[in-house]
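Atoms within each ligand, like the ligands themselves, are counted from 1 in listed order.
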Amino acid sequence: MNSKKLLAPVTLGRHQLANRIVLPPLTRQRAAQPGDIPTDLMAQYYSQRAGAGFMVSEGTQIEPRGQGYAWTPGIYSQAQIAGWRKVTRAVHAEGGVIFAQLWHVGRVSHTALQPGGAAPVAPSALPALNAKAFIETGPGAGILVAPSMPRELSVAEIAELVGLYAQAARNALEAGFDGVEIHAANGYLVNQFISGHANTRTDEYGGSLAKRLRFLREVVAAVAAVVGPERMGVRFTPLFTSTDEDRVYIGFVEDDPHATYIEAIKVLEQAGVGYLSIAEADWDHAPDLPEQFRRAVRDAFSGRIVYAGRYTAERGERLLETGLADLIAFGRPFIANPDLPARIANGWPLNAVDPATMYGGTEQGYTDYPAFAETTSITTNKD
Ligand SMILES: Cc1cc2nc3c(=O)[nH]c(=O)nc-3n(C[C@H](O)[C@H](O)[C@H](O)COP(=O)(O)O)c2cc1C
C-alpha cells in the first residue's frame, strides 16, 4: 500500500513533524500509587512510540477533582511533574514531539475519587447517566461505577477552574512537554459546558450557544496566554452518538451538533489555536462523519486538523488525499504496535490489541507488544 501522505512531514507551530501519524491520548491507568505519579514504565511506553510524528499524552487531570478513574496520572503536584519529566525526556531522546492532554472529568466522577468524599463538580447538578467512573476497591483492583450526583459550580469557582487550567499548562511546560491539548471531548467538563443537555445554567455560562461556549473560550485564552496558541490544540467529539449502555464514553448529541461544533471551532480559530483534534465514533459499524461536516470544519479552521477513530493506514491515507485532514491518529493500533509508523511504511502486518490489558495493570499489554523486527527471526548466511 502507498502511504505517501501519511509518511510526509508537516509543520505544527514551531515543530517540523517527521510524519502525519499521531499517537492520540490513551488512558492506560498505570500511574504510581499513591499520588497518581507517572512512572519509568510510562516513560518506556511513550519512548517506544516516539516514531509517531506527533504524540499526545493520556488524559492527565489538572487537579484532584478532575479525576474520574483510579490510577490516571495528574499534573498538579511536584512529584507528578517530576514523573512527567521522565516521560518527555525519554520521548525527546528518540526525537519525538509530545503534548500533554489536560483533563477534567467534571461530573464523570465518584465521591470515592473526590477530595474529602465530596460531590463531583459540574456546570449543573445533573447526573452523567450513561457514563461510568472507575474506583479502586483494593491494591490494583477496581470497578466501574455510576458517577455520583454532581453539584453546580459557582461563577467564582468557574474562574478558579480556568486558573487551574492555566496552572496545569505551566506545569506541563515545566515537565518538558512541547505543548498542551485541552480535552473538550467525550462528555468531560469542557464538553459538559458546551452541551445543552449537561449545562442548564441561566447565568453567563449557560443558555445560548454563545454562553455555553464561554467556558471553552476562557480556558483556551488562559492556556494560550501560558503556552502560546500555536503550541496548543483542542479535542472535540462533535457527532458522537452512543449505541449502547455499556460504553464508558458517551458523547452529547446536541440538538444541532453541526452548528454547535462549527461555532466551537470558530472559538479556536479566533484564538489562533495550533490544531483541532476530532475524535470520531470508535466502535464497529459506527457511522462515518458526514463529508459536509468535514468540509465545514476545514473552512472554519486554518490550523492543523487531526482525525481519530477506526483509521487504518488506507483510510487515513484516503482522508489526507482529500485535503480535509492534516494528520491521522491511530489509537488501538498504536497500543499494540509500538513501531506503527515503521509497519505502515513497510506494509508489515499489525499485532492485535488485547482489550483486557488496556486499562490498568503492569507492563503486560503495555510495554511488551513486540516491534516487527523482534517478531521476525533474523537469519544470517554463514557456512
Ligand atoms: C484505551 C483507550 C483510552 C483512551 N483514552 C483517551 C483519553 O485519555 N483521552 C482522549 O481524548 N481519548 C481517549 N481515547 C480515545 C482515543 O484517543 C481514540 O480517539 C480512539 O481510540 C479511536 O481511535 P482508534 O479507533 O484508532 O483506537 C481512548 C481510547 C482507548 C481505546
Side-chain angles (χ1 to χ4, degrees), residues 6 20-31 36 38 42 45-46 49 52 54-62 66-75 98-106 108-109 131-134 144 180-191 233-240 246-251 275-289 305-316 319 325 327-337 340-341 343-344 350-361 365-366 369:
L6 271 171
R20 292 154 186 260
I21 299 169
V22 178
L23 174 78
L26 292 162
T27 289
R28 305 302 308 275
Q29 290 175 284
R30 281 162 167 88
D36 299 318
M42 287 169 60
Y45 163 83
Y46 282 100
R49 287 159 181 76
F54 182 59
M55 310 167 80
V56 186
S57 79
E58 62 208 278
T60 177
Q61 58 266 10
I62 64 166
Q67 183 170 22
Y69 309 86
W71 320 319
T72 58
I75 191 152
I98 184 165
F99 281 27
Q101 192 187 45
L102 303 185
W103 192 18
H104 197 302
V105 298
V108 187
S109 186
K132 291 272 191 285
F134 181 87
L144 288 168
V180 299
E181 174 175 301
I182 294 168
H183 195 343
N186 294 347
Y188 299 119
L189 185 65
V190 182
N191 196 168
V234 176
R235 191 166 217 223
F236 291 132
T237 31
L239 305 178
F240 203 58
D246 292 327
R247 294 188 54 79
V248 174
Y249 297 123
I250 174 134
Y275 73 93
L276 161 67
S277 169
I278 293 190
E280 301 177 42
D282 57 16
W283 58 91
D284 292 343
H285 315 300
D288 279 343
L289 270 184
I305 300 174
V306 185
Y307 282 98
R310 296 178 305 141
Y311 281 91
T312 58
E314 289 83 352
R315 258 191 87 219
L319 184 58
L327 297 128
I328 304 290
F330 300 87
R332 287 158 293 185
F334 234 133
I335 289 177
N337 298 275
L340 185 68
R343 288 181 190 244
I344 290 175
L350 302 187
N351 301 321
V353 71
D354 174 13
T357 49
M358 268 190 324
Y359 301 105
Y366 190 53
Y369 281 108

Under 4.0 Å from one or more heavy atoms of Gln101, ligand 1 contributes atoms 7 (C), 8 (O), 9 (N), 10 (C), 11 (O)
Please check whether His183 reaches ligand 1 - meaning an N/O of the residue sits under 3.5 Å from an N/O of the ligand, judged on distance alone. yes
Of all heavy-atom pairs linking Gly365 and Tyr369, the shortest is O-CE1, 3.3 Å
Ligand 1 contact by Trp103, heavy-atom criterion under 4.0 angstrom: no
Original post:
Under 3.5 Å between some N or O of ligand 1 and some N or O of Gly59?
Top reply: yes
Is there a heavy atom of Ala185 sitting under 4.0 angstrom from any atom of ligand 1?
-> no
(message) Side chain or backbone, does Arg310 bring an N or O within less than 3.5 Å of an N or O on ligand 1?
(response) yes
Using 30° and 60° as the class boundaries, would you call the ring planes of Tyr69 and Tyr188 parallel, tilted or perpendicular?
perpendicular
> Going by an N to O cut-off under 4.0 Å, is there a salt bridge joining Asp288 and Arg315?
Replying inline: yes
Below 3.5 Å, N or O to N or O, backbone or side chain included: is there any such pair between Tyr311 and ligand 1? no
Residues at least two apart in sequence or cross-chain that pass side chain to side chain contact (heavy atoms under 4.5 Å, CB included) with Ala185, listed by chain then number, are His183, Arg235, Thr237
Looking only at non-hydrogen atoms, the one of Arg235, Arg332, Glu181, Gln29 nearest atom 24 (P) of ligand 1 is Arg332
Here the atoms of ligand 1 under 4.0 Å from any heavy atom belonging to Phe330 are 26 (O)
Note: ligand 1 atoms sitting under 4.0 Å from heavy atoms of Ala308 are 19 (O)
When every non-hydrogen atom of Val234 is compared with those of Ala184, the smallest separation belongs to CG1-CB, 3.9 Å
A student comparing Ala279, Pro25, Gly331 should find that the heavy atom closest to atom 14 (N) of ligand 1 comes from Pro25
Check the pair Val105, Leu189 against side-chain contact (heavy atoms from CB on, under 4.5 Å), reporting the backbone distance first and the verdict last.
CA-CA 5 Å; Val105 298; Leu189 185 65; over 6 Å; no
A student checking ligand 1 against Pro333 at a 4.0 Å heavy-atom cut-off should list atoms 26 (O)
Less than 6.0 angstrom from the centroid, inside 45 degrees of the normal: does Arg30 satisfy that with respect to the ring of Tyr366?
yes
Taking every heavy atom of Glu181 against every heavy atom of Ser277, the minimum-distance pair comes out as OE1-CB, 4.1 Å
Here the atoms of ligand 1 under 4.0 Å from any heavy atom belonging to Gly309 are 22 (C), 23 (O), 25 (O)
Quiz item: Would you call the rings of Phe54 and Tyr275 parallel, tilted or perpendicular if under 30° counts as parallel and over 60° as perpendicular?
Solution: perpendicular
Quick note on ligand 1: atoms under 4.0 Å from a heavy atom of Pro24 include exactly 17 (O)
